[in-house]
Amino acid sequence: MPNPTQIASKFVKSVTVANGEIDILYGNSGKLGGNPQMDGTVLKLTPDTTTNAGSIVWKCAIGDTAKYKYVPAECRN
C-alpha cells in the first residue's frame, strides 16, 4: 500500500489500512465544511465475519454522533 497521504483526493486527506480495517480521514485543506465541520473526521470500514455469496460485507462507523447526518444510516454506530 502507498503512504496513507498518497491516497488522497479533494475531500479525503488520507486512507489508512491496518489489521483489515480501512480508516478514511476527511478534510483535505479544510474543503469539506459543514456544521459541524467534517474536516478531521474518520470513517472506519471494518470487514464483517459474515460473507455474502463470497463477497466481503463491510461495516462502517463514524464516532461523532453530531455528524451522523453526513453518513448513510448503516454508518451511524
Side-chain angles (χ1 to χ4, degrees):
M1 293 290 303
N3 182 305
T5 57
Q6 290 179 315
I7 308 171
S9 70
K10 182 177 178 182
F11 301 114
V12 173
K13 187 169 186 174
S14 66
V15 177
T16 304
V17 179
N19 301 319
E21 297 180 339
I22 302 170
D23 288 344
I24 302 167
L25 175 60
Y26 288 99
N28 201 358
S29 303
K31 296 178 182 171
L32 275 175
N35 187 15
Q37 291 278 331
M38 274 298 284
D39 301 321
T41 301
V42 173
L43 179 73
K44 181 177 287 291
L45 300 171
T46 307
D48 194 339
T49 55
T50 313
T51 59
N52 184 16
S55 299
I56 296 173
V57 176
W58 292 92
K59 293 180 182 178
C60 60
I62 188 170
D64 188 344
T65 59
K67 297 177 183 178
Y68 278 3
K69 64 184 177 181
Y70 300 123
V71 296
E74 295 85 7
C75 298
R76 299 174 188 166
N77 47 324

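A pairwise comparison of heavy atoms in G27 and D39 identifies CA-OD1, 3.2 Å as the closest pair. The two residues W58 and G20 come nearest to each other via the heavy atoms CZ3-O, 3.8 Å.
Here the rule is side chain to side chain contact (heavy atoms under 4.5 Å, CB included) with V42, and of D23, I62, I24 only D23 fits it. Across L43, V17, T46, a single residue satisfies side chain to side chain contact (heavy atoms under 4.5 Å, CB included) together with I22, and that is V17.
For the atom pair K44 NZ and K59 NZ, the distance stands at 13.0 Å (nearest 0.5 Å).
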Quiz prompt | side chain to side chain contact (heavy atoms under 4.5 Å, CB included) between V12 and Y26, intermediate numbers included | solution = CA-CA 4 Å; V12 173; Y26 288 99; 4.0 Å; yes
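Residues L45 and L25 fall into different hydrophobic clusters, defined by Ile, Leu, Val, Met, Phe, Trp and Tyr side chains chained together at heavy-atom separations under 4.5 Å. Both Y68 and F11 belong to a common hydrophobic cluster when Ile, Leu, Val, Met, Phe, Trp and Tyr are linked at side-chain heavy-atom distances under 4.5 angstrom.
No donor-acceptor distance shorter than 3.5 angstrom exists from the side chain of E21 to the backbone of A18, with no hydrogens or angles considered. Formation of a donor-acceptor pair under 3.5 Å by the D64 side chain with backbone atoms of A66 is found in this model. Remark: side-chain polar atoms of Y70 are paired, donor with acceptor, to backbone N or O of P36 under 3.5 angstrom.
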